[in-house]
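Structure first, then comments.
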2 protein chains.
Amino acid sequence: MGKAYNVMAATCPSRTVLHRIGARWTVFVVNALDEGPCRFGELKGHIRGITPKVLTETLRSLEADGLVSRHEYDENPPRVEYALTPLGRSLLVPLRAVRRWAEEHVPDIEAARARRPIA
Amino acid sequence: MGKAYNVMAATCPSRTVLHRIGARWTVFVVNALDEGPCRFGELKGHIRGITPKVLTETLRSLEADGLVSRHEYDENPPRVEYALTPLGRSLLVPLRAVRRWAEEHVPDIEAARARRPIA
DNA sequence: CTGGATCCAAATAGATACTG
DNA sequence: CAGTATCTATTTGGATCCAG
């Protein structure tokens with residue numbers, strides 16, 4: 001059982017997976033759920049600047065892919081909690097690394113951009 | 001000097017960085033350059049399905065951010081080689097992990113998607 | 001061979017307002 | 001609180017043709 005899938009192949013299903021991971025807000029949501037289950041409003045507050053529409057879309061996608069679970073409590077006012085599934089937690093490992101890389105290399109990137117007079 | 005940057009903050013510059021990393025084809029190009037310098041045509045052949053326009057755009061972006069270097073040989077026919085910079089190689093570490101995750105978890109994702117009746 | 005230039009289609013994101 | 005509904009703006013991608 002070697003490498004069954006290869007993202008470099010044009011029609012490999014792993015591309016769809018990679019596409020989902022690379023979606024604009026996936027990294028944010030998955031990382032935000034790192035510390036445990038979270039309500040919709042909490043997520044929205046945590047991920048500054050995300051709109052409810054986009055957050056909903058992202059959560060639905062992650063849910064469809066089995067990365068996030070949604071638990072709706074039968075209460076009033078409504079309460080809904082999102083959490084990472086085991087699969088989602090496994091994805092968290094690389095995505096945490098990506099996040100850290102982004103946060104750690106801001107100066108490097110900015111320096112590189114500054115070095116370019118006009119792009 | 002603790003955490004200076006936080007991607008969760010709406011205006012943190014790390015967001016721009018993360019955005020660039022998450023760009024559609026970044027993962028592909030960086031991973032394709034894993035094995036060493038590569039010519040334009042080789043990259044295009046390696047990353048099946050990418051169009052020259054998109055590949056060019058991606059390379060320019062990565063170059064502007066100091067992740068990829070471009071070396072133009074003064075030959076005819078023209079020869080241009082792209083390679084990862086040290087910074088790009090540091091990014092390769094997490095991106096390689098992301099790629100591997102995508103390739104390894106195709107069955108899981110597909111199973112999850114199949115579990116959803118309509119979505 | 002390495003792309004740049006154009007035009008266009010489609011997917012994605014954002015702003016804003018509103019509802020169960 | 002937890003979303004929907006709309007409408008628009010931006011981004012992205014693909015096709016095609018062309019030039020150094």
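As the structure is a computational prediction, the values presented were derived from the model and not from experiment. Just so you know, these numbers use all the heavy atoms, side chains as well, and skip hydrogens, waters and symmetry mates. The sequence lines fix the lettering, A, B, ..., with proteins before strands; numbering per chain opens at 1.
With rounding to whole Å, B:Glu72 atom CD is found 14 Å from D:dG20 atom P. Remark: P of D:dT4 and CG of A:Leu55 are 11 Å apart, rounded to the nearest angstrom. For the pair A:Glu42 CD and D:dC1 P, the computed distance is 10 Å after rounding to whole Å. Regarding B:Phe28, its CZ atom lies at a distance of 14 Å from the C1' atom of D:dT12, rounded to whole Å. Atom CG of A:Leu59 and atom P of D:dT4 are 10 Å apart (whole Å). In this entry the distance linking NZ of A:Lys53 with P of D:dA2 reads 20 Å, nearest Å.
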Atom pairs under 3.5 Å, N or O on each side, protein against nucleotides 18-20 of chain C: can you list them with distances?
none

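Backbone-only contact: B:Tyr82 has heavy atoms under 4.0 Å from sugar-phosphate atoms and none from a base.
Distances were taken from every side-chain heavy atom of A:Arg39 (C-beta onward) to each of C:dG14, D:dC1, D:dG13; the shortest belongs to D:dC1. Of the candidate nucleotides C:dG3, D:dG3, C:dT12, D:dG3 has the atom lying nearest to any side-chain atom of A:Val80.
Taking B:Arg24 as the reference, nothing meets the salt bridge (Lys or Arg N to Asp or Glu O under 4.0 Å) condition, with sequence neighbours excluded.
At a threshold of 4.0 Å, the pair B:Glu63-B:Arg60 counts as salt-bridged, since one of the basic side-chain nitrogens sits closer than that to a carboxylate oxygen.
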